[in-house]
Amino acid sequence: MTIEILEQEALTEIQAASSTTALRELELKYLGKNGLVSGLMKGIGTLTPEERPAYGQKVNLCRAKVQETHDTQLQRLKAAEREVQFQHERIDVTLPSRPLRRGREHVLGMTMSKIKRVLGSMGFVYYDGPELEDFDFNFSELNYPPDHPAMDAQDTFYITDETLLRTQCTAIQGRVFGTVHPPLRYFTVGRTFRNEAVDRTHSHTFHQVDCFMVDEGISMAHLKGTLGVFARAMFGPEVKVRFRPDFFPFVEPGVDYAISSPKLFGGKWVELGGAGLIHPNILERHGIDTERYTGFAFGLGVERIPMMAYGIDDLRNFMENDLRFLEQYS
Amino acid sequence: MKMTESMLRDFVETKLSIKEVGDLLTMTGFELEEIFSAEGEDVLDVNIMVNRGDGASVLGLAREVLAKDPQAKPTDLTLRLTSGCRQPDSGSRDIWEKTTVEIQTPECTRYACRIFEGVVNGESPAWIQERLRKVGQRPISLLVDLTNYVMLETGQPLHAFDLDKLAGERIIVRQAREGEKLTTLDGTEHELRPDQMMICDGEKPVAAAGIMGGEATEVSATTTRCLLESAHFLNTSVRRTRKQMGLHTEASYRFERWVDPEMVVTALNRFSELLQEAGGPKPVPGVADSYQTKPVPNVIRARVSRATKIGGMAVSRDEARTYLTKLGFNVTLDDDPDAWTVSTPSWRIDVVREEDVIEEILRIHGYEKIPEALVIGSTPLGGSHGIEAVAEKVRETLLRSGLDEAISHSLRAPHPLDATTDLVRVRNPHSPEAACLRNSILPCLADVVLRNGGNDVHFFEHGHVFAANEERQQVGILTTGSLEPASWHKGNTGQSDFFSLKSLIEAVCQGFWHVPEFVPSQDPRLHPTRQAEVKIKGQRVALLGQIHPEAAEQASLPLATCLAEIEISTLAHLPEGLPATKSLSRNPASKRDIAMMFAKTVPYSTIEAALKKAGGELLEKYSLFDIYDGQGIPEGHHSLAFSLILRKPGETFTDEEANQVRDEIVAELTSLGGKLR
């Protein structure tokens, strides 16, 4: 068989191959070690030494041509076969996902983590005080006069005459002042208790933040500035803070602070909590020189933050741990 | 405190609208609750701060408006009431011939009365009835309506007695005697106690001082002679008695918060004025006034520079004086040119020290003028340290491990999963469902399971738990059912069990580089042969196990539920571990597998210790990849299959060397009774 005929047959067959498997057979048939193209070289022995170089060159050209045609055909067939495979392997990407386990934060846990991050980054040290508290830390140390109407707002659960479930996280102040000397910056986030029935807007248990610092030259402006930074971190950069006078036995001057933002609550002022400069009676009780040191304190309810930010309208949801509720926020 | 617009305008001339007056009161501290319309007039409802009894009167709130609104002017009525509302008969002593007033207790500092004879106790004037109705009070009769109206104006509670019903027609203020009784206006009979102050006639108690009058001596349609009481009682005494008697009245509300003792006679005079305007008789000339203890004003030095420093905004000396004067303080020059000497008015016992005076200056100056400033000075390392940081790290580890976070009530009812320590009980619980403090987190998590379908939930909670004289932080874990939620996908549907929970505990310990030891334990809530205590350096830091079948039944939980309690307080007190760094060998490892049969009574921890000891440095890693106790294994035995990764630092193992290490391990395990399979 002449080189030309063999080449022609090879090209025709390769171009007609309909699968990579068939092509692989043709590759072996023509281009393999014992294939037909290699077989052409066996005929070289019958040629004169002068004819041999030219013949060899022709065989090599033939091999190159067949190889190239094979490679092209292989690319084509592979592409076609992949296309079939891809069509076969098509998935419906709109099917539901495979629900791998991931730990989900409780919406209050998430809020409290954020509070801790923000206040911690401003240099306030987190302190976790007891929920079962001494009467003195909850009231007397906080400058409540004995049997004063100010206590009426705080229906209290008593364990004994001297111990109660704290009605306010401010109770940690006496504990901190008893062990740490100014300058100091502290905060807590924790549970407080009031003897109330549970309904949409009331609960016998809720969470509070209480944050305070004592240093030289602390003023109402520092309180407003710190609250501004805190409120903007929690509610967004456009938030403004407003003070109005109010009475709490443990601060003097005492204020009620409200926030407003064009993006929240229709721009209305919404009261967030109580604040003020720490009452000098409290500082003096702990031997702190009130001429040298002043301090501020502010508090707020934790539940109010997600209620305002996400429009939650039922306080009971928080402590019921219904995943239908919790998974909306995590 | 409710007042109509016209009542306020009786006291203040201002160009401000009623809405603006409300906002202005809010910015003085008397927060506007709402403005509502009653019978065509606007009514202001204002919250009174508990230390500001003086605000529970139109006069008191008018004083705030006058101080805060520079354009506002006092009316003639205001000026008259602030100067005693003197009547022509004030100096007369005629009244003492009709009655006597005797104070026998230090809890009453002043008692005064007037007497009116020839009264017709019909209806009060229409305008008074109308104003009372608008603020939510029911008109009753001329005498009663006037006492209520004058109290709204001046803040001074008044009480009208039918003089003919007072035995001896005299008043004695004293403590009740054992065995005495009083039926109050609301028809309730009270057994009196010696610590309760009573208004008495010649024989018996006729009114609870500062709280409520008695039924027997109240004025009626047939009353013609009236003794009108105006007095000052100590706030703590009134509060104590009204709590004991279970009463809460407009009068007790005011006395508890402080009433101006200097207003006592003024209020009698104002009543007398209004009675005559209504066509009533003139009083018997004179006021029977027994003034035992006059209030002593507080004299305070207030520095303007300190006001500026505390307020963080500039206030001038003149401004400070103006504000204080308008509020009724007596302001005089001080030796210190920076300061004023300030004397408090009789209605402001809440002002006792310099900071209180400064608050007055600042709040009238306006808190809206306070700028926002950032704190300068020392900045400690903020955030969580110590136990707080340990708790947060455990929480993060469990969240990362795929557990959901729960937050539940610490107040609850007893539960089968309570720890064995006694529950701390609330003395005055609101309901039996919230009467005890939890002594374990686990009962709360049991509730979470039931709320979420009863199975396939994996939760943890961090919180405080309580025992007698102890409050500590605990993390509870409850895991039950499929680790992967059911879906159309035929993926891994592994079930949680003791060992998946054990992995979580190990992850928590690993967070602090602690190596935990698991020791069989005996907690009655857990399956007796499937539970362990977790010990680190000999300290018990956690408990874990499968629920006891009986507890599962009582608590309606699945039998396969697994529970753990991690004691954060204990964990936090351990010295933190350190990671043990080993340099990595870059030479190839040799892998050998061995399977050995042991009696089941040999604990895995013993086998593991022997394996590690024999393998030494060369045993880089091992894992137990199979436990088999089927065919070919004698009863009470099982076969443990290990894969061993052996590696030498800086050298390559030959096959012979690797086999030799393996053989040494096998020999060591054989000495524990193991048989190579």
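Here is the naming used below: chain letters follow the sequence lines, and residue numbers restart at 1 for every chain. Source: prediction; values computed, not measured.
Only the side chain of Ser203(A) comes within less than 4.5 Å of a heavy atom of chain B; its backbone N, CA, C and O stay farther away. For chain A, the nearby parts of Ser410(B) are the backbone and the side chain; heavy atoms of each come within less than 4.5 Å. In this structure, the portion of Leu437(B) lying under 4.5 Å from any heavy atom of chain A is its side chain and not its backbone. Both the backbone and the side chain of Thr226(A) come within less than 4.5 Å of a heavy atom in chain B. Contacts of Arg191(A) with chain B are made by side-chain atoms alone, with heavy-atom separations under 4.5 Å and no backbone atom involved. Looking at Asn452(B), the atoms closer than 4.5 Å to chain A (heavy atoms on both sides) all sit in the side chain, from C-beta outward. For a residue to count as touching a neighbouring chain, one of its non-hydrogen atoms must lie under 4.5 Å from one of that chain's; by this rule Glu133(A) does not touch chain B. Only the backbone of Glu196(A) comes within contact range of chain B, with heavy atoms under 4.5 Å apart. For Leu277(A), the part lying under 4.5 angstrom from a heavy atom of chain B is the side chain only. Using a 4.5 Å cut-off between heavy atoms, Thr28(B) contacts chain A through its backbone alone, with no side-chain atom that close. Using a 4.5 Å cut-off between heavy atoms, Asp256(A) does not touch chain B at all. Using a 4.5 Å cut-off between heavy atoms, Arg52(B) makes no contact with chain A at all. Using a 4.5 Å cut-off between heavy atoms, Ile370(B) contacts chain A through both its backbone and its side chain. Interface residue Leu326(A): only side-chain heavy atoms are found under 4.5 Å from chain B. Using a 4.5 Å cut-off between heavy atoms, Glu327(A) makes no contact with chain B at all. Only the backbone of Leu381(B) comes within less than 4.5 Å of a heavy atom in chain A; its side chain stays farther off. For Phe30(B), no part lies near chain A; criterion is any non-hydrogen pair under 4.5 Å. Residue contact with chain A, scored on non-hydrogen atoms closer than 4.5 Å, involves the backbone and the side chain of Val426(B) alike. Using a 4.5 Å cut-off between heavy atoms, Ser408(B) contacts chain A through both its backbone and its side chain. Looking at Arg425(B), the atoms closer than 4.5 Å to chain A (heavy atoms on both sides) all sit in the backbone: N, CA, C or O. Of the two parts of Arg353(B), only the side chain, counted from C-beta on, holds a non-hydrogen atom closer than 4.5 Å to a non-hydrogen atom of chain A.
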key: Step-by-step salt bridge (Lys or Arg N to Asp or Glu O under 4.0 Å) determination, Lys224(A) to Glu372(B)   = CA-CA 5 Å; Lys224(A) 210 179 207 180; Glu372(B) 283 193 23; over 6 Å; no
inquiry  = Could you walk me through whether Glu368(B) and Arg244(A) satisfy the salt bridge (Lys or Arg N to Asp or Glu O under 4.0 Å) test, starting with their C-alpha distance in whole Å, then the side-chain angles of each, then the deciding distance to 0.1 Å, before giving a yes or no?
reply    = CA-CA 8 Å; Glu368(B) 69 282 356; Arg244(A) 72 165 178 81; over 6 Å; no
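For Phe212(A), the ring pair (Phe, Tyr, Trp, His ring centres under 6.0 Å) test picks out Phe177(A), with sequence neighbours left out. Scored by the salt bridge (Lys or Arg N to Asp or Glu O under 4.0 Å) test, Glu433(B) finds no partners at all (sequence neighbours excluded).
Between chain B and the options Glu284(A), Arg324(A), Glu216(A), heavy-atom pairs under 4.5 Å are most frequent for Glu284(A). Interface summary for chain A: among Glu471(B), Glu256(B), Arg363(B), the most heavy-atom pairs under 4.5 angstrom belong to Glu471(B). Between chain B and the residues Glu320(A), Met110(A), Lys116(A), the largest count of heavy-atom pairs under 4.5 Å involves Glu320(A). In terms of heavy-atom pairs under 4.5 Å with chain B, the best-connected choice from Ser121(A), Pro145(A), Gly254(A), Gly217(A) is Gly254(A). The residue among Arg185(A), Arg117(A), Met122(A), Arg242(A) with the most heavy atom pairs within less than 4.5 Å of chain B is Arg185(A).
Aromatic ring orientation, Phe250(A) versus Tyr144(A): tilted (interplanar angle from 30° to 60°). Taking the six-membered ring where tryptophan is involved, the planes of Phe124(A) and Phe296(A) are tilted, since the angle between them lies from 30° to 60°. Taking the six-membered ring where the residue is Trp, His365(B) and Tyr323(B) present tilted rings, their angle falling between 30° and 60°.
Using modelled atom types and a 3.5 Å distance limit, the side chains of His462(B) and Gln473(B) yield a donor-acceptor pair. Inspection of the Thr160(A) and Thr163(A) side chains reveals an N or O donor paired with an N or O acceptor under 3.5 Å. A donor and an acceptor atom, one from each side chain of Asn321(A) and Glu405(B), are nowhere located under 3.5 Å apart. If you check the side chains of Asp128(A) and His464(B), you find a donor sitting under 3.5 Å from an acceptor.
The closest donor-acceptor contact from the side chain of Asn143(A) to the backbone of Val251(A) lies at 3.5 Å or more, if one exists at all.
Summarising the geometry, atom CD belonging to Gln208(A) is positioned 10.0 Å from atom OG1 belonging to Thr188(A); distances are rounded to the nearest 0.5 Å. Between atom CD of residue Glu360(B) and atom CG of residue Asp356(B) there is a gap of 8.0 Å, rounded to the nearest 0.5 Å.
By the 4.0 Å N-to-carboxylate-O rule, Arg102(A) lies too far from Asp404(B) to be salt-bridged with it.
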